[in-house]
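Letters A, B, ... mirror the listed sequences (proteins, then strands); counts begin at 1.
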Amino acid sequence: MPSEPLRQLLLDPTVVTVALGALLLGATAGALGTFAVLRRQSLLGDTMSHAALPGVVLGYLLAQGRSLPAMLAGALVTGLAAALLAQLLARRRGVKHEAALGTWLGTGFALGVVLLSLVQRQPGAGSAGLEQFLFGQAAATLRSDLLLIGAIALLSLGLVALLFHRFELVTFDPRFARAGGVAVRVYETLLTLLLAVAIVVGLQLVGVVLMSALVVAPAVAARQLAGSLGAMLWLSAAVGAFSALVGALASAAVPGLSTGPTVVLVATACAALALAFGRRRGVRLEGA
Amino acid sequence: MSRPAPASAPPAAETVGVSLRYGRALALDGVSLRVPRGAMGAVVGPNGAGKSTLLKVLLGLDDGHEGDAYLLGRPALQARHLVGYVPQRSTVDWDFPATALDVVTMGLYRQLGPFRRAGRAARERARAALAEVGMEAFEDRQIGQLSGGQQQRVFLARALVQEAELYLLDEPFAGVDAASEAALVEVLRRLNAQGATVVAVHHDLTTLASYFDWIALLNVRLFAQGPLAATLTPEALQAAYGGRLPLLATLAPEEVRRAV
């Protein structure tokens, strides 16, 4: 039997909105994180999330107020720009890809923080809660946001379901795929775009600083248990949804508690448990 | 041994004046390879000779080269999907959540098209290919838990499901135990007896004459190519290896004798 305060919390429409948003975001980030981890793109994810911050602020400026679609679009643009610039730096100037990513991670984030402090000096901006994009605030989720978040989740997960075998082939052995005449570049680009989407969609909940952990940790947990890519996707989505839900509810219940750190601690606890006890269980979900 | 192909048949694999650079270094220099149909062929040469690079050119996996490549009589890019390709085992991460059967089934994904899932029929074909390489008992084993030789056999099975006329293999025996090597050779011989052309990048000169009947000696340039008995001469080896083969004098004549 849930206690009276908990029951009230669960029936509160704001809390229901927050919980639904968190579930969707967590599941999306978790599922797409599977490919990020298997393709060794964790650092790329971290770079894109940090470099998303200037985009959030620019989106806010362009829309002249808190508009989630504008801010997420901005985040997507600057996040992807950082990924692209890192790739250029690596290809054209021979900088190690890792170092190039690290450079743009820092540069993007620094630019974002500078923009953020400039904008916040203007009257009225503080109430928009821009600084919540640093560490995430689940309570900022509006009912109207749910539609956008739901649409992004459906679209990206639908794409993964549709092209599942192609993504599996390209992730496991891109060389073999290319030799077979598969347009590997197209699928790799799609996967990188999906990673960017997974990150951007969760920014409001978890924040730019910690978002990549919500992408990576569930996949790390799932890898310990899964015996097939399909099973890993589902398990990772489940861990992501669970972590996001628990974190969001905890931060809704405890005033002043940031959502991002709570979510990430739950997700990494799941990963730690899986690493300790789940060594290669080989779980498969046939027909899934 | 290969049956003689009709004189008019185009080569199974052919390059015409292929050159390729990595930065300033020349990896391939004017290589014109002609592997006849039905050959059990090996591309041989020292480390860094460009053997794997030549395979990459044939499969369109390089970032640009001079010259032309043909497979089965067609421009390589138009025919590469008809080739059974076995990449080097080390090019993938074996810590991927998949069983041996999953990996073999991936050999059918291209034929299935981008949207269709592999069904029961595809799984049955994959199972048959696993049995052909003697791995039927391991179909449910996670690929990370297989030995190097078993992984290589899974890779060969993944190429077998394509039922190709031409198989290109990149160092198929590297880091493979003796039992697996014997199993792999047996499968390749069977394929060849059924009419398929086999081309393997190979660097073990001690097994060359017993496994293959056609060779190409490569060291950036193509030094010789043709039926093994006529091509594997001490002079040709010496030229291709350029003195980097101290055992050459004692090894090669005996190998040649065994082949003839």
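Residue B:L168 does not touch chain A at all, counting heavy-atom pairs closer than 4.5 Å. Residue contact with chain A, scored on non-hydrogen atoms closer than 4.5 Å, involves the side chain of B:V103 exclusively. With a 4.5 Å cut-off on non-hydrogen atoms, B:A118 touches chain A through its backbone and its side chain both. Residue contact with chain A, scored on non-hydrogen atoms closer than 4.5 Å, is absent for B:Q111. For B:D93, the parts lying near chain A are the backbone and the side chain together; criterion is any non-hydrogen pair under 4.5 Å. Interface remark: A:Y187 contributes side-chain atoms only to the contact with chain B (heavy atom separation under 4.5 Å).
When each of B:K56, B:M106, B:H81 is checked for heavy-atom pairs under 4.5 Å with chain A, B:M106 comes out on top. The candidate with the highest count of non-hydrogen atom pairs below 4.5 Å against chain A, out of B:P87, B:G144, B:P114, is B:P114. Interface check for chain A: of the options B:T99, B:T91, B:L59, the most heavy-atom pairs under 4.5 Å are formed by B:T99.
One finds no salt bridge joining B:D170 and B:R89 here, because no Lys/Arg side-chain nitrogen approaches an Asp/Glu carboxylate oxygen to under 4.0 Å. A salt bridge links B:E186 with B:R190: the distance from a Lys NZ or Arg NE/NH1/NH2 to an Asp or Glu carboxylate oxygen falls below 4.0 Å. A salt bridge does not link B:R127 with B:E136: every distance from a Lys NZ or Arg NE/NH1/NH2 to an Asp or Glu carboxylate oxygen is 4.0 Å or more. Comment: B:E66 does not engage B:R21 in a salt bridge, judged by the lack of any side-chain N to carboxylate O separation of less than 4.0 angstrom.
Note that the CZ atom of B:F212 and the CZ atom of B:R189 stand 9.0 Å from one another [nearest 0.5 Å].
Of the candidates B:D62, B:D63, B:D68, B:D62 is the only one forming a side-chain hydrogen bond (donor to acceptor under 3.5 Å, both in side chains) with B:H65.
Side chains of B:Y211 and B:E181: a donor-acceptor N/O pair is present below 3.5 angstrom, by distance only.
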